[in-house]
Amino acid sequence: MRLGLALGYWGRGPNPAHLELAREAEALGYASVWTAEAWGSDAFTPLTWIAANTSRIRLGTGIAQMAARTPTATAMHALTLDHLSGGRMMLGLGLSGPQVVEGWYGRPFPKSPLTATREYVDVIRQVLRREAPVELDGRFHSHPYSGPDATGLGKPLKPITHPLRPGLPVLLGAEGPRNIAQTTRIADGWLPLYWSPMRTDVYEASLTDLPDGFMIAPMARARVCDDVAEGLLPVKAMLGFYIGGMGHAARNFHADLMARMGFEEEARRIQQLFLEGRKEEAVLAVPDAFADEISLVGPRERIAERLELWREGPVTDLLVTAPDPHTLRVLAELN
């Protein structure tokens with residue numbers, strides 16, 4: 001099981017510690033570093049900055065949002081950074097949810113998310129292979145565009161720049177069972193948002209017949225500390241926000257996932273509190289047991305024991321969100 005560093009997206013501004021953490025991770029032998037985006041900082045610019053200040057560590061978007069860019073624009077980002085970094089790029093993509101897609105990007109959320117995802121990946125693969133001009137008679141991502149307002153002058157094109165690697169890895173952030181199953185067929189890896197090594201049966205039906213080399217790379221908050229309850233607070237804060245605020249009451253993929261993992265009553269309670277504006281109560285309502293299962297928090301000995309559980313399952317890459325170099329070092333020593 002390889003280790004990766006997940007830096008996430010910025011808050012109010014750039015985190016001055018991120019570059020130091022990325023360099024430390026590279027020095028410790030971490031396999032990859034990942035950046036993200038929500039509705040603030042983008043995923044590619046910080047990753048490019050990290051690429052310029054490192055030399056070996058692989059670079060991943062975890063995740064870049066599909067609604068933010070056309071598939072050809074995303075492919076351009078990926079092939080450009082792959083060249084500049086010497087072939088270190090991995091493209092992690094996610095669809096996000098209706099609140100973000102329609103509220104932030106001003107685009108309709110696709111009525112068939114699986115079809116939209118499949119078409120998006122198809123276009124990116126065509127760009128990276130550069131075997132022929134990009135053409136797709138699609139429902140969501142037609143190339144050339146052929147909608148009712150089209151001029152009819154669109155021409156199929158190949159990228160001017162020859163991609164460095166036609167097989168640049170494409171990974172998907174998927175949560176629903178059908179979406180995960182499709183991911184194993186069209187992508188090179190899967191980026192689970194929550195992974196409990198104690199509940200791998202939740203995903204078992206979706207992960208049959210995995211291709212050789214398929215990556216399963218969940219993210220987990222990690223912190224070496226004496227007080228487990230205190231160390232879990234940032235995990236609970238994250239869960240309170242995602243379960244309660246990252247989606248509509250009637251359609252929240254994160255809450256649905258928590259429910260499938262055995263915490264349905266708690267997930268709905270968190271949603272209710274958050275939507276009522278009782279955000280602190282929503283965070284406190286996150287069960288310690290759930291927060292603990294999906295993270296690595298506590299003294300070194302406790303983390304060593306729990307790390308064994310992660311190694312026993314199908315996880316190939318553990319992407320840790322670690323707030324300090326000490327935690328990164330301990331995980332590297334234990335792995």
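Summarising the geometry of A36 relative to Y9, their closest heavy-atom pair is O-CB, 3.5 Å, with the distance given to 0.1 Å. Scanning both residues, F140 and S112, for their nearest heavy atoms gives CE1-O, 3.6 Å. Closest non-hydrogen pair, A64 versus R69, comes out as CB-NH1, 4.1 Å. Of all heavy-atom pairs between A322 and L328, the closest is CB-CD2, 3.6 Å. Smallest separation of non-hydrogen atoms from R199 and E293: NE-OE1, 2.8 Å. Smallest separation of non-hydrogen atoms from P218 and W195: CB-CB, 3.4 Å.
With R300 contributing its side chain and V224 its backbone, the two residues share no donor-acceptor pair below 3.5 Å. For the pair H83 (side chain) and H162 (backbone), a donor-acceptor distance under 3.5 Å is present. Using a distance-only test at 3.5 Å, with no hydrogens or angles considered, no donor-acceptor pair links the side chain of T200 to the main chain of P197. Proximity of a side-chain donor or acceptor of R221 to a complementary backbone N or O of A291 within less than 3.5 Å is not detected. Using a distance-only test at 3.5 Å, with no hydrogens or angles considered, a donor-acceptor pair links the side chain of E37 to the main chain of Q65. With hydrogens and angles disregarded, no donor-acceptor distance shorter than 3.5 Å links the side chain of R130 to the backbone of P166. In this structure, the side chain of T151 engages the main chain of L153 through a donor-acceptor pair within 3.5 Å. Formation of a donor-acceptor pair under 3.5 Å by the E26 side chain with backbone atoms of R56 is found in this model.
Taking CD of E135 as the start and NZ of K158 as the end, the distance is 12.0 Å to the nearest 0.5 Å. The CD atom of E333 sits 8.0 Å away from the CZ atom of R329 when rounded to the nearest 0.5 Å. Rounded to the nearest 0.5 Å, atoms CG (L3) and CH2 (W310) are 11.5 Å apart. Here CD1 of I57 is found 6.5 Å from OG of S32. Values are rounded to the nearest 0.5 Å. If you take CG on N53 and OG1 on T48, they are separated by 11.0 Å, rounding to the nearest 0.5 Å. Interatomic distance, T117 OG1 to D122 CG, rounded to the nearest 0.5 Å: 12.5 Å.
Residues V100 and L193 are members of one and the same hydrophobic cluster, defined by side-chain heavy-atom contacts under 4.5 angstrom among Ile, Leu, Val, Met, Phe, Trp and Tyr. I294 and V283 fall into different hydrophobic clusters, where Ile, Leu, Val, Met, Phe, Trp and Tyr side chains are chained together by heavy-atom contacts under 4.5 Å. Note: the hydrophobic cluster containing I50 does not contain M90 (ILVMFWY, side chain heavy atoms under 4.5 Å, direct or indirect links). L171 and M1 fall into different hydrophobic clusters, where Ile, Leu, Val, Met, Phe, Trp and Tyr residues are linked whenever their side-chain heavy atoms come under 4.5 Å apart, directly or through other members. In this structure, L319 is not a member of the same hydrophobic cluster as L307, with clusters built from ILVMFWY side-chain heavy atoms closer than 4.5 Å.
Put simply, the side chain of L168 does not reach to within 4.5 Å of the side chain of L79, judged on heavy atoms. When side chains are defined from C-beta on, M89 counts as touching R165, because their heavy atoms get closer than 4.5 Å. Looking at E24 and L28, their side chains come closer than 4.5 Å, going by heavy atoms from C-beta outward. Using a 4.5 Å heavy-atom cutoff, the side chains of P108 and V101 are not in contact. For the pair L210/W190, no side-chain contact is recorded, criterion being any heavy-atom separation below 4.5 Å from C-beta on. A heavy-atom distance below 4.5 Å is found between the side chains of P192 and I216. With contacts defined as side-chain heavy-atom distances shorter than 4.5 Å, the pair L191/I63 qualifies. Between M215 and R2 the shortest side-chain heavy-atom distance falls below 4.5 Å.
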Does the side-chain contact (heavy atoms from CB on, under 4.5 Å) test come out yes or no for T61 and L47, once each step is laid out? CA-CA 8 Å; T61 53; L47 200 61; 3.9 Å; yes
Between R311 and E308, is the salt bridge (charged side-chain N to carboxylate O under 4.0 Å, His left out) condition met? List the steps. CA-CA 5 Å; R311 291 197 194 93; E308 289 298 324; 2.5 Å; yes
Can R302 and D292 be said to form a salt bridge (charged side-chain N to carboxylate O under 4.0 Å, His left out), step by step? CA-CA 11 Å; R302 185 176 194 267; D292 197 23; 2.6 Å; yes
For D324 and R223, what are the C-alpha separation, side-chain angles and deciding distance, and is it a salt bridge (charged side-chain N to carboxylate O under 4.0 Å, His left out)? CA-CA 8 Å; D324 60 274; R223 185 183 174 194; 5.3 Å; no
Should V320 and L318 be marked as a side-chain contact (heavy atoms from CB on, under 4.5 Å) after you check the CA-CA gap, both sets of side-chain angles, and the distance that decides it? CA-CA 6 Å; V320 297; L318 175 58; 3.8 Å; yes
Run the numbers on H143 and Q126 for side-chain contact (heavy atoms from CB on, under 4.5 Å), then give the verdict. CA-CA 11 Å; H143 283 69; Q126 289 190 52; over 6 Å; no
Evaluate the side-chain contact (heavy atoms from CB on, under 4.5 Å) criterion for residues M258 and I270: first the C-alpha distance (whole Å), next the side-chain angles of each, then the deciding distance (0.1 Å), finally the verdict. CA-CA 11 Å; M258 183 177 174; I270 294 165; 3.9 Å; yes
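Between W39 and F241, the ring-plane angle classifies as tilted under the 30° and 60° cut-offs. Relative orientation of the H77 and F44 rings is parallel, given thresholds of 30° and 60° on the angle between their planes.
Residue Y120 forms a side chain to side chain contact (heavy atoms under 4.5 Å, CB included) with just one option from V170, L172, T74, L95, and that option is T74.
Contacts classified as salt bridge (charged side-chain N to carboxylate O under 4.0 Å, His left out) and involving residues 8-23 (residues at least two apart or in different chains) are not found.
Within 6.0 Å of atom CZ in R129, more than 12 heavy atoms from other residues, nucleotides or ligands are found, so the atom counts as buried in its surroundings. By the 6.0 Å contact criterion, CG on D149 is enclosed, its count of non-hydrogen atoms from other residues, nucleotides or ligands being greater than 12. Annotation for M76: atom CE does not count as buried by contact number, only 12 or fewer foreign heavy atoms lying within 6.0 Å. Counted within 6.0 Å of CD on E280, heavy atoms from surrounding residues, nucleotides or ligands total 12 or fewer; the atom is thus considered open. With a 6.0 Å radius and a threshold of 12 heavy atoms from other residues, nucleotides or ligands, R178 has its CZ atom at or below the threshold. In the displayed structure, W49 atom CH2 is contacted under 6.0 Å by at most 12 heavy atoms of other residues, nucleotides or ligands. Within a 6.0 Å radius of CG in D137, other residues, nucleotides and ligands contribute 12 heavy atoms or fewer.
Side-chain N/O atoms of R268 and Q271 include a donor and acceptor closer than 3.5 Å.
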